[in-house]
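Below, chain A is the first sequence line, B the second, and so on; all start at residue 1. Values reported hereafter were calculated over all heavy atoms of this structure, with side chains retained and with hydrogens, waters and symmetry mates removed.
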Amino acid sequence: METNTSYDPSFAREVFENVDSGEEIKMCMQCGMCAASCPLREHMDYPPRQIFSMIRAGKRDMVLNANSIMMCTSCYTCQVRCPRGIPVIDVMHGLAHYAISKGILTRKDTAVFGREFWQQIYKTGRIDEKDLSRRYFFADGIITGIKKSLQMARMGIIMLLHGRMKILPEKKIKGIKSLRSMLDKAMQTGKGGSEV
Amino acid sequence: MAEVEATNQTLLVVGGGMSGITAALEAAEAGYDVILIEKNPYLGGRVTQLYQYFPKLCPPNCGLEINFRRMKLNPRIRFFTLAEVEKISGEEGNYNVTVKLNPRFITEKCTCCGKCSDVCDTEIDNPFNFGMDKIKAVYLPHEFAFPMRYVMDPSIVGTDEAKKCKDACKYDAIDLDMKATTFDLNVGAIVWACGWTPYDASKIEYYGFGRYKNVITNMMMERLASPNGPTAGKILRPSDGKEVKNVAFIQCAGSRDQNYLPYCSGVCCLASMKQSTYLRDQYPDCNITIFFIDIRALDRLEDFYTKVKEDEKVTFIKSKIASITEDEATGDLLLEGENTNTGERIQMTFDMVVLATGMVPNSLDLESAPSVSKDEYGFMTLDPNNTGIYGAGCVKRPTDVASSVQDATGAALRAIQSVTRR
């Protein structure tokens with residue numbers, strides 16, 4: 001880590017004001033429970049505890065470019081165990097959302113997957129596994145799409161055999177309009193709540 | 001015994017631990033009549049279970065003996081063991097208290113010869129040692145017990161076992177027909193000193209207390225180190241009785257955690273450091289690791305922290321341990337966490353783990369008692385509109401023995417002021 005000891009509160013203020021659940025990090029006492037509980041700890045640049053510490057220290061670029069903020073799988077282990085009741089997942093997703101809104105795409109795949117997932121929920125109210133995979137795989141063009149599809153072909157067949165994926169398209173849920181109005185409302189309330 | 005004289009100038013002290021004993025003695029020595037009641041069969045409370053005090057590392061029995069002697073010499077104190085408050089009615093200056101006296105089944109004639117215990121075959125978990133060993137169902141609570149008298153577990157009363165014990169007693173000190181009785185007291189003021197209970201560590205699921213034998217609590221460690229404990233003072237790990245070479249202390253086990261015990265008990269850091277000296281005295285080669293969030297050794301007690309830190313066999317690591325996993329074959333324990341100073345992942349194996357659990361105030365809730373005000377964590381607060389009942393010691397805040405004694409002296413003065421105002 002850098003040994004720059006100067007303290008710059010401007011980034012912390014930026015996070016408190018613009019990031020969904022950003023103010024929650026004020027509660028952090030740096031115990032490391034989140035870091036030790038995280039199943040993806042080995043793959044992250046910095047665990048949540050360090051991200052929170054870096055926000056306070058004003059390390060804007062390091063935080064927004066960290067792969068960690070887009071790596072959270074919402075397993076909730078850290079959030080359940082946090083001794084100060086910080087919604088760690090909400091903060092991590094909030095930071096990811098904020099980074100994307102600033103044009104920082106450290107993990108493009110994650111962002112694309114999130115976008116496609118969201119759009120499908122918005123359209124039909126449920127996830128169509130094959131349609132979601134198709135959109136996700138082919139987001140970077142046909143050739144990478146075919147490559148990625150072939151890699152996952154075996155998984156696809158197993159899912160088909162077990163009835164986890166249907167050949168026919170999924171239908172819209174009943175009351176899709178009510179769901180959409182709820183989602184619209186949610187989009188308006190969150191900080192920085194623009195479409196991904 | 002049911003005739004207990006008391007007036008509205010009498011003080012009642014509920015709880016015969018260090019705080020209760022102190023409040024009772026200070027008031028009695030100032031010339032007031034005091035009645036002290038205690039629910040255990042012995043006085044002294046949690047302090048009797050400790051091996052040494054921090055920071056002086058001296059044995060608590062010494063101070064207790066002095067206090068017991070003061071009590072014996074003072075005719076103004078009357079005390080009852082195995083007694084509980086059932087009901088309090090009335091108001092400051094004129095309380096009516098119903099006290100329930102549970103049967104001991106052993107009378108004052110007991111000489112502690114131990115014959116009843118010798119013939120008794122039934123064994124029960126020893127509550128004094130947190131169930132780490134068994135005792136006979138007729139027993140002396142511990143060897144410094146005051147009053148020095150045996151007690152019979154109610155579970156064997158009515159069986160042939162109990163009759164066998166009665167027949168073995170040469171002094172006719174066993175009364176199997178003893179029943180729970182109640183009596184009423186008229187008192188002017190009450191000192192509430194009902195103490196604390198160690199936080200139930202089995203609630204912290206990821207530490208495996210109760211499932212893994214070698215995960216113990218700090219109070220169990222006190223018993224393991226005590227010469228009158230389950231291992232006669234030798235610190236051995238519970239699963240196989242082996243000597244320990246590598247021990248971890250986990251600070252804030254449940255404490256400072258919204259999901260468990262939200263506050264800091266203020267003594268566990270010092271208790272763990274004190275217990276590290278127990279280990280170092282017995283095992284010169286033993287490695288000790290203390291995992292902490294912050295070390296809270298306040299005021300002059302920081303000197304003790306400095307002293308322990310100088311020991312090269314004691315390592316302090318800033319981390320809240322996230323999980324303990326037991327190796328079933330060896331009973332060793334794998335600890336995982338994040339070293340928050342370096343950011344490195346911790347994966348370390350230990351022979352034994354001591355959880356530094358916090359203090360939970362004992363309940364104040366009584367049916368039809370005058371309401372006592374409490375804070376959000378259940379500790380008693382002083383309500384200026386509701387005088388007459390005064391807290392003392394750990395029922396007011398988690399604290400060490402020295403502060404409890406000071407606090408109890410203050411509570412005794414408040415209670416005296418309350419009755420002299422009448």
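Within the 4.5 angstrom heavy-atom criterion, only side-chain atoms of A/Arg49, from C-beta onward, approach chain B. Using a 4.5 Å cut-off between heavy atoms, A/Cys82 touches chain B through its backbone atoms (N, CA, C, O) alone. Only the backbone of B/Ile321 comes within less than 4.5 Å of a heavy atom in chain A; its side chain stays farther off.
Nearest heavy-atom pair, A/Cys31 versus B/Thr340, reported as atom, atom and distance to 0.1 Å: O-CG2, 3.4 Å. Between A/Ala36 and B/Ala322, the shortest heavy-atom distance links the atoms CB-CB, 3.3 Å.
Contacts between residues 253-270 of chain B and chain A, defined by a heavy-atom separation under 4.5 Å, are made by B/Arg256, B/Asp257, B/Gln258, B/Asn259. Of all residues in residues 120-150 of chain A, none places a non-hydrogen atom less than 4.5 angstrom from a non-hydrogen atom of chain B.
With chain B as the partner, the residue from A/Arg81, A/Arg84, A/Met29 showing the most heavy-atom pairs under 4.5 Å is A/Arg81.
Shown here is B/Tyr283, whose OH atom has more than 12 heavy atoms of other residues, nucleotides or ligands within 6.0 Å. A 6.0 Å sphere centred on NZ of B/Lys313 holds more than 12 heavy atoms belonging to other residues, nucleotides or ligands.
In this structure, CZ in A/Arg41 is found 5.5 Å from CD in B/Glu338, a value given to the nearest 0.5 Å.
By the 4.5 Å heavy-atom criterion applied to side chains, B/Lys318 and A/Gln30 are not counted as neighbours.
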